[in-house]
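Input: a single structure, listed below in structure tokens.
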Amino acid sequence: MKWLFIVWLILTLAGPLRVLLKGQVDLKADYRTANRDSAHIAPSPHTTSEAVIQAYTARAFNWRGIIASHCWIAVKPKDAADYTVYQVVGWRTYSGLSALAIGKDIPDRYWYNEKPRLILDIRGSRAEMLIPKIDEAAKTYPYAHPYTLWPGPNSNSFPAYIGRQVPELGLALPADAIGKDYLSKDSFFAAAPSGTGYQFSLYGVLGLLVAKKEGIEINLLGLVYGIKFSPLSLLLPGME
């Protein structure tokens, strides 16, 4: 048991230590002055007429980014002049607002100094067909008002929900998207967000996911340990 605990501790701390040593998170960031500009990843709606669906992830704000990320979805219907961004933002609830934010916005904003990474890109007729399904699913999200940083429902529980409701997206969230495994108070089995496998989850704190896209993920207290098949990689807390 002693050696198992030591191995678990090493695996748990390896990712966060790597993040800190590489300076991947700005621990001194101030949300009032942090960068929220475009990362210039999304195609401009002024030069791209086709429909676009994109999903992004970025390390969470401040210390949270050591082990977790924030994910969101952006869509642009055919010939639209703007993107619509779908995401859950916890601190909106401090002002009595819904945590669910849907509106015209920059799709690829820096998440408070953290550069976003593209994790889904669908365009053309397929995107055109799926955008109404995303909008419908977002408006039926059952946790627009309650928000719990850990284990969920939080900002990552929302895109995971969208993925399960619209499996045609094939949306595989990164392993460090803590909260993606929160299903609901009454559900313990579900399809994986990517729609390529299945998972068991006990309120987001204990679970197992097996899927072609995500790989094999063991959830312990919201942290993921496992292996991804394509590309072949080890999944550990704090590692994207």
Side-chain angles (χ1 to χ4, degrees), residues 1-29 57-71 90 111 113-117 119 147-161 163-164 170-240:
M1 290 297 294
K2 178 182 177 180
W3 284 108
L4 283 175
F5 175 76
I6 292 174
V7 170
W8 171 81
L9 192 62
I10 291 172
L11 293 177
T12 301
L13 296 178
L17 286 174
R18 179 174 176 269
V19 171
L20 288 172
L21 291 173
K22 294 184 69 174
Q24 291 180 284
V25 174
D26 184 358
L27 297 177
K28 297 181 180 179
T57 181
R59 290 203 173 272
F61 177 66
N62 208 292
W63 62 268
R64 300 176 184 86
I66 298 173
I67 58 171
S69 63
H70 169 74
C71 303
W111 183 250
N113 283 359
E114 302 300 332
K115 186 176 182 180
R117 180 169 61 90
I119 57 174
Y147 179 91
T148 305
L149 181 63
W150 179 90
N154 61 19
S155 63
N156 295 317
S157 308
F158 170 68
Y161 173 84
R164 295 187 189 99
L171 177 57
L173 298 176
D176 67 346
I178 293 176
K180 71 181 180 66
D181 297 319
Y182 184 91
L183 301 179
S184 75
K185 294 179 180 179
D186 305 312
S187 179
F188 303 105
F189 296 93
S194 69
T196 62
Y198 297 92
Q199 70 178 118
F200 159 77
S201 181
L202 187 63
Y203 305 113
V205 298
L206 179 67
L208 174 67
L209 182 151
V210 180
K212 182 178 180 180
K213 274 198 168 184
E214 287 95 340
I216 299 175
E217 297 182 356
I218 298 171
N219 176 352
L220 295 175
L221 301 178
L223 301 176
V224 167
Y225 307 78
I227 186 169
K228 187 175 182 179
F229 303 130
S230 181
L232 187 63
S233 55
L234 189 65
L235 302 174
L236 294 174
M239 292 187 180
E240 298 174 333

Output side-chain donor-acceptor pairs under 3.5 Å for residues 1-8, partner residues at least two apart or in another chain, one line each.
| from | atom 1 | to | atom 2 | distance (Å) |
| --- | --- | --- | --- | --- |
| Trp8 | NE1 | Thr12 | OG1 | 3.4 |
| Trp8 | NE1 | Tyr225 | OH | 3.1 |

Measure across [X] and [Y] and return the closest heavy-atom pair with its distance rounded to 0.1 Å.
X: Asn156; Y: Cys71; answer: OD1-N, 3.1 Å
X: Ile67; Y: Pro16; answer: CG2-CG, 3.7 Å
X: Ala29; Y: Phe61; answer: O-CZ, 3.5 Å
X: Pro174; Y: Thr57; answer: CG-OG1, 3.6 Å
X: Ala190; Y: Leu183; answer: CB-CD2, 3.9 Å
X: Gly179; Y: Asn154; answer: CA-OD1, 3.4 Å

| query | Relative to the ring of His70, is the ring of Trp111 parallel (under 30°), tilted (30 to 60°) or perpendicular (over 60°)? | reply | parallel
Measure the spacing between [atom1] of [X] and [atom2] of [Y] and express it to the nearest 0.5 Å.
X: Leu11; Y: Met239; atom1: CG; atom2: CE; result: 9.0 Å
X: Leu236; Y: Leu13; atom1: CG; atom2: CG; result: 11.0 Å
X: Leu17; Y: Ile66; atom1: CG; atom2: CD1; result: 9.5 Å
X: Leu223; Y: Trp150; atom1: CG; atom2: CH2; result: 9.0 Å

Looking at side-chain heavy atoms only, is the closest gap between [X] and [Y] below 4.5 Å?
X: Pro193; Y: Arg164; answer: yes
X: Leu20; Y: Val25; answer: no
X: Thr148; Y: Pro153; answer: yes

| said: If you count heavy atoms of other groups shown closer than 6.0 angstrom to OH of Tyr198, is the number above 12? | reply: no
| request: Without swapping roles, check the side chain of Asn62 against the backbone of Arg64 for a donor-acceptor pair under 3.5 Å. | output: no
| said: Any side-chain to backbone donor/acceptor pair from Arg59 onto Asp26? Under 3.5 Å, distance only. | reply: no
What pairs of donor and acceptor atoms, side-chain ones from residues 205-220 against any protein atom, are under 3.5 angstrom apart with sequence neighbours left out?
| from | atom 1 | to | atom 2 | distance (Å) |
| --- | --- | --- | --- | --- |
| Lys213 | NZ | Gly170 | O | 2.8 |
| Glu214 | OE1 | Ser194 | OG | 2.6 |
| Glu214 | OE2 | Ser194 | N | 3.1 |
| Glu214 | OE2 | Ser194 | OG | 3.2 |
| Glu217 | OE1 | Lys180 | NZ | 2.6 |
| Asn219 | OD1 | Gly222 | N | 2.7 |
| Asn219 | ND2 | Asp181 | OD2 | 3.4 |
| Asn219 | ND2 | Gly204 | O | 3.1 |

